[in-house]
Trainee: 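Can you read through this structure? Questions will come right after.
Ligands are counted one by one from 1 in listed order, and the atoms in each one are counted from 1 as well. On a predicted model such as this, the values are computed, not experimentally measured, just so you know.
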Amino acid sequence: MQLIEGHRAILPAPGIPTLDIDPFDEAVLADPFEYFDSLRALGPVVYIPKYAMLAVGRFASTHRVFTDHENFVSSRGVGLNDFKIGEPWRPPSIILEVDPPDHTKTRRVMARALSPRVVKDLADDFARAAEVLVDWLVAQERVEGVTDLAEAFPLSVFPQAVGLNERNDRYLVDYGNCVFNAMGPDNRLRRAALDYTREIAPWITAACARDRLTPDGIGAAIYADADAGEITEAEAAMLVRSLLSAGVDTTVSGIGNALFCFAENPGEWDKLRADPSLIKPAFEEVLRYSFPVHTFGRTAGTETEIGGHPVEEGTKVLAVIGAANRDPEKWGPDADRFRVDRRPLGQMGFGAGIHGCVGQNIARGETAAILTALVARVKRIEFDGTPRWRPSNAIHALDHLPLRLVPA
Ligand code: OVM
């Protein structure tokens with residue numbers, strides 16, 4: 001069997017068009033929109049010769065791959081490596097990198113720990129923290145949107161919500177970034193991430209231990225399910241690791257991308273200020289238009305098909321959220337426009353199907369809090385220099401966003 005990037009190298013079935021591009025080339029990652037256009041234009045599924053795998057970027061075929069978890073499994077990894085062939089770089093996540101029935105139990109525990117009720121009880125804390133932070137930032141006027149705001153806000157609420165006693169804010173943000181980079185091919189980004197996680201991982205493992213958590217947080221709620229016999233204590237620790245993997249860099253990216261969207265579209269910020277009931281739909285539009293995660297992978301667990309094209313067992317398939325979220329077939333001819341009143345029902349920023357983001361309630365709670373505080377205090381969000389996108393094998397986010405916050 002020929003291997004490429006740790007998965008079975010497939011040849012495309014006749015009729016599947018070829019897209020001769022490296023989706024993980026740093027120039028493509030920095031400006032992926034031409035790649036997205038080609039991906040959708042060629043068909044429901046394309047062959048990527050560089051990695052001998054398939055990719056989907058139309059809304060319909062991407063949605064299909066996410067929601068057909070029986071044919072497109074997660075247990076063989078959601079990056080380029082097929083766990084059936086090579087060792088995973090870390091013990092696999094027991095919620096992300098599993099299929100039913102294993103997935104069902106851990107998903108239930110996490111959904112309960114992150115339920116709308118839990119998020120509602122956190123809303124006052126989130127609102128207060130957002131007000132304090134934005135008051136301070138407005139007084140500065142010139143801010144670095146990524147560190148001062150997009151990172152600072154989640155770090156001011158999420159570790160407390162989880163109940164972490166261990167604090168290392170740099171590690172918390174960077175761990176998620178590393179986990180996402182590890183989903184990519186064996187490129188510079190992935191190698192750097194694997195090197196760096198060797199440093200971070202022991203700290204993460206220690207931070208997830210029961211005796212390092214406060215008795216009242218989301219982490220403790222997960223351990224309580226171990227006491228109830230629903231999961232083991234070791235599984236509880238793994239689910240807390242999932243919170244730290246998926247819960248920080250993602251919200252950081254969502255908030256940073258929101259700031260970018262509003263700096264780029266001041267008229268949309270005016271609309272939000274005129275009608276704060278648009279804050280929630282506006283964030284859905286940020287997720288559609290600026291998708292904090294651009295790509296997740298799946299593996300064909302059996303022989304199947306996409307758009308009528310045969311797909312053989314063991315085929316890796318990239319599900320390109322960024323392309324699907326900009327598909328004019330789904331979103332209309334202005335799919336590439338950011339519109340706070342679009343109400344983009346079905347946007348796939350949180351994925352779709354049984355693996356759709358289990359933390360989406362808390363993510364929405366955090367962003368609603370920060371946008372609410374900003375809307376009340378900031379008249380305009382202006383670029384104060386050139387923003388820079390951060391190349392990542394899976395995350396779509398800025399690493400530099402100089403801003404001027406014009407006080408209301
Ligand atoms: C996990 C996980 C889940 C979703 C995304 C993710 C960093 C990780 O369970 O560890 O990416």
Side-chain angles (χ1 to χ4, degrees), residues 24 66 69 72-81 83 88-100 102-114 151 154 158 162 164 171-184 189-190 192-194 196-197 200-201 203-205 207-208 218-219 222 225 231 234-254 256 287 291-299 318-322 348-364 366 390 392-397:
F24 302 100
F66 277 135
H69 60 266
F72 298 102
V73 302
S74 292
S75 55
R76 292 167 74 164
V78 297
L80 267 64
N81 288 320
F83 292 177
W89 71 274
R90 63 169 191 168
S93 162
I94 62 170
I95 181 165
L96 175 72
E97 291 153 332
V98 286
D99 303 319
D102 298 335
H103 172 261
T104 315
K105 183 181 69 178
T106 50
R107 174 79 189 198
R108 188 185 309 122
V109 167
M110 283 293 256
R112 197 185 299 127
L114 296 164
E151 293 182 353
F158 187 73
V162 172
L164 290 190
Y171 279 3
L172 278 178
V173 175
D174 291 349
Y175 186 61
N177 184 34
C178 287
V179 174
F180 278 103
N181 268 321
M183 295 175 190
L189 293 166
R190 184 169 195 271
L194 294 187
Y196 186 17
T197 43
I200 304 178
W203 183 86
I204 290 283
T205 304
C208 295
I218 295 167
I222 294 171
D225 286 340
I231 52 173
E235 287 174 325
M238 285 296 283
L239 290 176
V240 176
R241 191 195 72 170
S242 285
L243 289 176
L244 305 190
S245 302
V248 185
D249 197 35
T250 48
T251 49
V252 167
S253 303
L287 290 167
F291 48 90
V293 177
H294 62 76
T295 304
F296 261 114
R298 293 290 188 264
T299 313
L318 294 177
V320 186
I321 292 170
M348 286 194 283
F350 288 132
I354 64 166
H355 288 284
C357 179
V358 74
Q360 56 185 279
N361 300 309
I362 195 165
R364 289 194 178 101
E366 287 179 42
R390 158 161 60 101
S392 157
N393 289 328
I395 289 263
H396 175 242

Trainee: With heavy-atom distances below 4.5 Å as the criterion, would you say the side chains of Thr197 and Trp89 are in contact?
Mentor: yes

Trainee: Taking side chain as C-beta onward, heavy atoms only, is Arg90 less than 4.5 Å from Cys178?
Mentor: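 Answer no - side chains too far apart.
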
Trainee: Pick from Val358, Asn361, Ile222, Val109: which one makes a side-chain contact (heavy atoms from CB on, under 4.5 Å) with Leu114?
Mentor: Val358

Trainee: Please work out whether the ring planes of His294 and Phe24 are parallel, tilted or perpendicular, with thresholds of 30° and 60°.
Mentor: tilted

Trainee: Look at the aromatic rings of His103 and His355 and report parallel, tilted or perpendicular, splitting at 30° and 60°.
Mentor: tilted

Trainee: Enumerate the protein residues lying less than 4.0 Å from ligand 1, judged by heavy-atom distances, in chain and residue-number order.
Mentor: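 Answer by chain and number: Arg90, Ser93, Ile95, Leu96, Val179, Phe180, Met183, Ser242, Ser245, Ala246.
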
Trainee: Taking side chain as C-beta onward, heavy atoms only, is Leu172 less than 4.5 Å from Leu164?
Mentor: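 Answer yes - side chains close enough.
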
